Amino acid sequence: MDCRVKPGNDKLPSMSRRLAFLAALTVLSQSVLLPSWAAAQDDSFYRGKTITIIIPIGPGGAYDAYARLIARHLSRHLPGSPTIIARNMPGAGGVIASNYLYNSAPQDGTTLAIITSSFANEQLSENPQIKYDAQKFLAIGRLLDTTSVLFFWHASPIKTLEDMLTKPATIAISSIHEVPAYRLRAMNKFIGTSLKPIPGYPAARDYVLASERGETDGGTSTFIGLSQLFSTYLKEKKLNILVQFAIGRDPDMPDVPTVIELVKDSEAKQIFRQLVSNDEIGRALFTTPNVPASRLVMLRSAFQAMLADPEFVAEARQLKLPLAPKSGEEMQKLVADMFAISPEALAKIRELSK
């Protein structure tokens, strides 16, 4: 049998090769053009849109100040220059805002939040009010870490560390289902204090005013929050800071002991390390779950560009808002690391939450 290609049929292999080449070219062009098209779509996504930055605490204080600072500067660094507004959503120590961000806000990158720094620890401690998975929030970047403190009004009976250790005192907080309340319970259990949390005060301003009015002896707040709102009170020593909730002493408070210094038991130290870890979150910008990856990259890049913007830096300096930034990637890892806690320590923290 003669299997040779007969004259007239020698064009078939050539035609097949040509069709195969055209098919490969089509696939290649799609692989190049589709991502470019998708990128172009994302570049135009924010044009004409409004981004909302949720503030989990009432007006005044560091959450409010940093959120409004971002709202004034981030737009310049996003393609499409969207309008950005800040919206206060206080309640339940910031849980209401976190629940909204997770369950109700559009998951497209148009809703951001200066999330409450305790949002991960609230989940670990099984706060019954939370309706979210902290590890699914997407980090954009951090402006500042914080140091929380326990302060007392100068006219209260608590004037020294010894007073705090031997006399009962009332402390203004937002909610009994939040990390500041757990810290106070841990102090009572492991240090022997008699600190009674008084809930219902929305923010740092209210904690201080409650102690000034004599409704409580003191409160717990971030040092930056007190410095922003009550710098005169601090200078006049109307606010007496006795304890830092931190692993190491803040350089601005070198003479104030950390809560970890007050405990001797190694297991108690581990519990307090976890309870103060959320201050590493500080004042950080997050968005909802399920934002497209390319849009998250855009938000993170815009955040980094904003941090380097001379106008932004100048206003932060003018408002006396210090900066200690971290990238979105670093913050995402930090949240994941907070969940790497031993079952034994976690069980004890959950006991405090109850």
Side-chain angles (χ1 to χ4, degrees), residues 55-69 88-97 114 116-118 144-161 163-164 167-185 187 193-246 250 252-253 255-259 276 278-279 282-283 319-322:
I55 308 167
I57 304 296
Y63 282 102
D64 195 68
Y66 279 105
R68 295 183 188 280
L69 178 65
N88 294 91
M89 192 180 289
V95 172
I96 287 176
I114 299 287
T116 182
S117 60
S118 60
L144 175 76
D145 57 349
T146 57
T147 299
S148 293
V149 298
L150 182 62
F151 68 86
F152 294 87
W153 184 247
H154 70 101
S156 82
I158 312 299
K159 303 184 187 306
T160 66
L161 202 60
D163 290 337
M164 187 193 73
K167 298 177 182 179
T170 52
I171 307 298
I173 60 169
S174 295
S175 167
I176 59 170
H177 297 297
E178 62 171 358
V179 168
Y182 309 156
R183 290 170 175 171
L184 297 177
R185 291 177 198 152
M187 288 181 69
T193 54
S194 298
L195 303 173
K196 181 181 180 181
I198 306 297
Y201 297 96
R205 182 191 302 274
D206 307 286
Y207 307 158
V208 173
L209 295 178
S211 66
E212 185 176 13
R213 292 191 298 260
E215 296 169 6
T216 65
D217 295 310
T220 175
S221 175
T222 61
F223 182 69
I224 179 64
L226 294 180
S227 301
Q228 283 292 307
L229 294 167
F230 297 100
S231 59
T232 302
Y233 281 13
L234 289 171
K235 289 176 184 176
E236 295 175 351
K237 300 190 182 303
K238 290 184 176 180
L239 297 178
N240 186 16
I241 297 174
L242 293 184
V243 177
Q244 300 185 49
F245 293 108
D250 189 301
D252 290 326
M253 299 177 284
D255 299 324
V256 179
T258 70
V259 70
V276 305
N278 56 274
D279 277 355
R283 300 296 172 261
L319 295 174
K320 297 181 180 178
L321 294 174

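What you see below is based on every heavy atom in this structure, not just the backbone, and it leaves out hydrogens, waters and symmetry mates. Remember, predicted model here, so these are calculated numbers, not experimental data.
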Looking at side-chain heavy atoms only, is the closest gap between [X] and [Y] below 4.5 Å?
{"X": "I173", "Y": "L184", "value": "yes"}
{"X": "R185", "Y": "I176", "value": "yes"}
{"X": "T258", "Y": "V276", "value": "no"}

Inset, instruction - Please test V259 against V243 for side-chain contact (heavy atoms from CB on, under 4.5 Å), starting from the C-alpha separation and ending with a verdict. - result: CA-CA 6 Å; V259 70; V243 177; 3.9 Å; yes
So, [X] side chain and [Y] main chain: donor-acceptor pair closer than 3.5 Å or not?
{"X": "T193", "Y": "M187", "value": "yes"}
{"X": "N240", "Y": "K159", "value": "yes"}
{"X": "T220", "Y": "V149", "value": "yes"}
{"X": "S174", "Y": "Y201", "value": "yes"}
{"X": "D279", "Y": "S148", "value": "yes"}

Inset, instruction - Go through Q228 and Y66 one step at a time and tell me if the side-chain contact (heavy atoms from CB on, under 4.5 Å) criterion holds. - result: CA-CA 11 Å; Q228 283 292 307; Y66 279 105; over 6 Å; no
Inset, instruction - Apply the test side-chain contact (heavy atoms from CB on, under 4.5 Å) to residues V179 and N278: give CA-CA distance (whole Å), side-chain angles for both, the deciding distance (0.1 Å), then the verdict. - result: CA-CA 9 Å; V179 168; N278 56 274; 3.6 Å; yes
Inset, instruction - Could you pull out all residues at least two apart from R68 that satisfy salt bridge (Lys or Arg N to Asp or Glu O under 4.0 Å)? - result: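 If we apply the salt bridge (Lys or Arg N to Asp or Glu O under 4.0 Å) test to R68, skipping adjacent residues, the hits are D64.
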Legend entry - side-chain contact (heavy atoms from CB on, under 4.5 Å) partner of T216, chosen from I171, L209, I198: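 It is I198; the other options fail the test.
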Inset, instruction - Would you please test W153 and L239 for side-chain contact (heavy atoms from CB on, under 4.5 Å) and show each step? - result: CA-CA 5 Å; W153 184 247; L239 297 178; 3.8 Å; yes
